[in-house]
Amino acid sequence: MKSAPKLSLAIPIYNEEEVLPELLHRLQAVLDDLDGGPHEVVFVNDGSWDRSRELLDEASARDSRFVVVHLSRNFGHQVALSAALDHVTGDLVAVLDGDLQDPPEEIPRFLEKMREGYDVVYAVRKDRKESWWLRLSYALFYRLSSALSNISLPLDSGDFALLSRRVVDHMRTVTEHSRYLRGIRAWVGLRQVGLPIERAERFAGKPKYGTLALLKLALDGIFAFSLVPLRVAGLTGLIAITVALAYATHALYVKFVLDISPQGFTGIVILVVFLSGVQLLFLGVIGEYLGRVYEEVKRRPHYIVERIVRSSDRDAP
Ligand code: UDP
Ligand code: MG
């Protein structure tokens, strides 16, 4: 009989001292129930300044399945997750948030689905527990980004997923800086399937994503996977020129055939302001891409590891 594949869990942690004891407890229970092993959990401490650091180190000393990668400062959720993907060693890798919104108890269901021969099983949110306006923004965003992009981004799915080793390896070859992992995951392709999962409420503590950070993630999702905004700029220009030509013809006709001088100062002001607005907007869109190009050509590393804590290190002579 083939031995059970080694499972790794990849979990970013940023100031989750209130959640960690419960998280560690529930992870242990889930891992104990799985076949095979030893499995592992790679926590990436994304520059926490609360007690998360100590709690994680203690956990790794107690349980050799827990590995902690401490980053040198806060790099953000997506980068922390990428760091986790760089350090996992399993044949299968589950990606989940550290606030228990992605219930670890669902992992066996992912594993079961995976056995049907998939490379990616991603969670599709059955229903969200956030405020109505956040739910509306999410719904609009996912539809907009998948309409704009040339790869098929699954709707309403976050980072919670189970990945095969080869998908992780392919994702790691995508070295771009603006990391939108669920997009990169979809970009890799192979056999992917969604699994409806109830998204729980954050167990404790505050969300670490502010509105601005969410907006940045949304922009990454659109600009990193689509050139449509640039094309819309060109198209808008074309429409403006056509309208202007038609209006010019009309004005000439009125002047020379009907002998009426055109009037309307207000109209001119509105037009000038409107078109300057359009121009500035698209300058912004071009700037958005230019800024991203600049980020990429700098070729900075995505993150810096301060140290890695594994209890096997301590056992070594
Ligand atoms: N997180 C992180 N770095 C950050 C922000 C968040 O590692 O800069 C972690 C956080 O600890 C949590 C996960 O990413 O485990 C998701 O964060 P959060 O729950 O705040 O995001 P939301 O659920 O609101 O999207
Ligand atoms: Mg959360």
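Counting convention: from 1, in listed order, for ligands and their atoms alike.
In this structure, the ring pair (Phe, Tyr, Trp, His ring centres under 6.0 Å) partners of His177, at least two apart in sequence or on a different chain, are His302.
A cation-pi arrangement, defined by a distance under 6.0 Å to the six-membered ring centre and an angle within 45 degrees of its axis, is absent between Arg292 and Tyr294.
Only the backbone of Ile13 comes within 4.0 Å of ligand 1, judged by heavy-atom distances. The proximity of Glu16 to ligand 1, defined as any non-hydrogen pair under 4.0 Å, is limited to the side chain. Residue-level proximity to ligand 1 for Asn74 is carried by the side chain, the only part with a heavy atom below 4.0 angstrom.
Side-chain atoms of Thr236 come within 3.5 Å of backbone atoms of Val232 as a donor-acceptor pair (strictly under, hydrogens ignored). Side-chain atoms of Asp99 never come within 3.5 Å of backbone atoms of Glu16 as a donor-acceptor pair (strictly under, hydrogens ignored). Formation of a donor-acceptor pair under 3.5 Å by the Glu17 side chain with backbone atoms of Asp50 is not found in this model. Under a 3.5 Å cut-off, the side chain of Arg185 and the backbone N or O of Ala161 do not form any donor-acceptor pair.
A salt bridge links Glu306 to Arg53: at least one charged side-chain nitrogen sits closer than 4.0 Å to a carboxylate oxygen. The pair Asp91-Arg166 does not meet the salt-bridge criterion, since no charged nitrogen lies less than 4.0 angstrom from a carboxylate oxygen.
An N or O contact shorter than 3.5 Å links Asp46 to ligand 1 by distance. For a threshold of 3.5 Å applied to N or O pairs, the pair formed by Ala80 and ligand 1 contains no separation below that value.
When the options Val309, Val67, Leu27 are evaluated for a side-chain contact (heavy atoms from CB on, under 4.5 Å) with Phe43, the one that passes is Leu27.
Between Leu217, Asp97, Leu100, Ile11, it is Asp97 that holds the heavy atom closest to atom 16 (C) of ligand 1.
Ligand 1 is approached by Arg199 to a heavy-atom distance shorter than 4.0 Å.
Against a heavy-atom cut-off of under 4.0 Å, Gly98 is close to the following atoms of ligand 1: 12 (C), 15 (O).
Only protein atoms were considered; those of element N, O or S under 2.8 Å from the Mg ion (ligand 2) number 2.
Side chain to side chain, Ser82 and Arg179 meet the donor-acceptor criterion of an N or O pair below 3.5 Å.
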